[in-house]
Amino acid sequence: MNVKRRIIFHVDMDAFYASVEESLNPDYRGKPLIVGADPKGGKGRGVVLTANYEARKFGIHSGMPISKAYKLCPDGIYVRPRFDKYHEFSQRTIEIIRKYSRKIQRVSIDEAYVDVTNVVGDFQEAEKLARKMQSEIWKKLGITCSIGIGPNKLVAKMASSMNKPNKVTVVEPDKVREFLHPLPVEKMYGIGPKTAERLRELGIETVGDLANFDAVKLAEVFGKNMAYYFIMLANGQDYSEVKEEARKSIGREITFEEDADSIEEILKELSSIVDDLIRKVKEEQLTFRTITVKLRYSNFETHTKSKTFNSIALDPKKVLKKVEELFFTIYNGGQKLRLIGVRFSNLIDLSSQRTLLEFI
Ligand code: TTP
Ligand code: MG
């Protein structure tokens, strides 16, 4: 069987929570910024969630006690996390990536695999595509990411983490071993610090040492399955697919810069969300039957309301009317709004329906 050579991206946002904060407050750019618990002048409890690259120069990293970070960098900017913003940026990033290839697997709030095998002809074209993706994300969202490109998910993941921030790292199939073998074993994805210690006891220091180690001896120590897994890793082999999640819905949420109480402002926002979503739905040759409206008040009280229709005309004005009706069934005019969102679900793929009709 002639298996087509795959080309996979691993996209990982740089200092993600901190980048979003910088995008929302450009004054923070170029200064050490730490997202996490309140340092309370060095007496605060809790940890650093992430730090931008300026703050990392002081030795600050994710998971560090905030009091220690404060000692290392008392003049840094310390902000509390705003998870709804991070989810919003994450969602919007995925929507940008989806324009390049629909075969996407999200693995966390800030990383995704993208299979571009059917989108580009070779690794050179893949690199160009990655740079275009990076610059579109930067232009539209004001955040940077690093992209690893490889013949499989494992290599792509290793490549993106090797070179940050705002980098593209390409590892072509015949360069995989060259790329992986000099790395210390604990740098290998899938090998934790405890396993690395046991490997070191066997004299295995680098990924290359692991690849060249006697397989029988390895199996005696770790068992057959584990040994097989290590050898696959050390040779950069991975046959797992980019598992595309079936698209269940398409939505957009907006957190107001300042909590909103003007109905004009809210309706204007709803209208722009609907326009944006209808455009995307059309682009992806989809239609939908269910509309959900969500709102969150200043005190974080959250309400949603959904309605399913037999069919919906993809006309922004008509859809907006339905969205507004749903909105007014849950909106209490006396309270300020923090967030507003619209989601379309019960999606129908028109492109596959069309081919189905051609068969009849
Ligand atoms: P990461 O991708 O691990 O880190 P990062 O994006 O901040 O930095 P890098 O440039 O090295 O990729 O994690 C993504 C986000 O997840 C991060 O911005 C904050 C959050 N996070 C935590 O809340 N706790 C943690 O311990 C880690 C590692 C991340
Ligand atoms: Mg990241």
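One-based numbering, in listed order, for ligands and for the atoms of each. Because the structure is a prediction, the values reported are computed rather than measured.
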Quiz item: Do Arg338 and Ser298 have side-chain N/O donor and acceptor atoms under 3.5 Å apart?
Solution: no

Self-check item: Contact atoms of ligand 1, heavy-atom distance to Tyr53 under 4.0 Å
Solution: 9 (P), 10 (O), 11 (O)

Exercise. Measure from atom 24 (N) of ligand 1 to the protein's non-hydrogen atoms and state whether any distance is below 4.0 Å.
Key: yes

Quiz item: Does Lys322 count as lying over the ring of Phe309, i.e. NZ or CZ under 6.0 Å from the six-ring centre, within 45 degrees of the axis?
Solution: yes

Quiz prompt | Metal proximity, Asp14 vs the Mg ion (ligand 2), N/O/S cut-off 2.8 Å | solution = no

Exercise. May I ask you to identify the nearest protein heavy atom to atom 17 (C) of ligand 1, giving residue, atom name and distance to one decimal place in Å?
Key: Thr50 CB, 3.9 Å

Quiz item: Among protein heavy atoms, which sits nearest to atom 1 (P) of ligand 1, and what does the distance come to when rounded to 0.1 Å?
Solution: Asp110 OD2, 4.0 Å

Exercise. Return the residue, atom name and 0.1 Å-rounded distance of the protein heavy atom closest to atom 11 (O) of ligand 1.
Key: Arg56 NH1, 3.1 Å

Self-check item: Glu95/Arg252 salt bridge by N-O under 4.0 Å criterion
Solution: no

Practice problem: Please determine if Glu325 and Lys321 form a salt bridge, counting it only when a charged side-chain N lies under 4.0 Å from a carboxylate O. | Solution: yes

Exercise. Kindly confirm or rule out an N or O of Gly63 lying under 3.5 angstrom from an N or O of ligand 1.
Key: no

Quiz item: For atom 12 (O) of ligand 1, which protein heavy atom lies nearest, and how many Å away is it?
Solution: Lys164 NZ, 3.0 Å

Quiz item: Taking 2.8 Å as the cut-off, does an N/O/S atom of Met13 lie below it from the Mg ion (ligand 2)?
Solution: yes

Exercise. Answer yes or no as to whether an N/O/S atom of Asp110 is found below 2.8 Å from the Mg ion (ligand 2).
Key: yes

Quiz prompt | Donor on one side chain, acceptor on other, Tyr86 and Glu21, under 3.5 Å | solution = yes

Self-check item: Distance-only polar pair, side chains of Arg106 and Ser90, donor-acceptor under 3.5 Å
Solution: yes

Quiz item: Of the protein's non-hydrogen atoms, which lies at the shortest distance from atom 26 (O) of ligand 1, and what is that distance?
Solution: Ser62 CB, 3.7 Å

Quiz prompt | Ser19 side-chain N/O to Asp14 backbone N/O, donor-acceptor pair under 3.5 Å | solution = yes

Practice problem: For atom 21 (N) of ligand 1, find the nearest protein heavy atom and state the residue, atom name and distance (0.1 Å precision). | Solution: Leu49 O, 3.7 Å

Quiz item: Which ligand 1 atoms are under 4.0 Å away from a heavy-atom of Phe16?
Solution: 5 (P), 6 (O), 7 (O), 18 (O)

Practice problem: Ignoring hydrogens and angles, state whether a donor on the side chain of Ser249 or Ser345 is under 3.5 Å from an acceptor on the partner side chain. | Solution: no

Quiz prompt | Heavy-atom protein contact below 4.0 Å for atom 4 (O) of ligand 1 | solution = no

Self-check item: Heavy atom of the protein closest to atom 15 (C) of ligand 1 (residue, atom name, distance)
Solution: Tyr17 CE2, 3.9 Å

Self-check item: Name of the Asp12 atom (N/O/S only) found closest to the Mg ion (ligand 2)
Solution: OD1

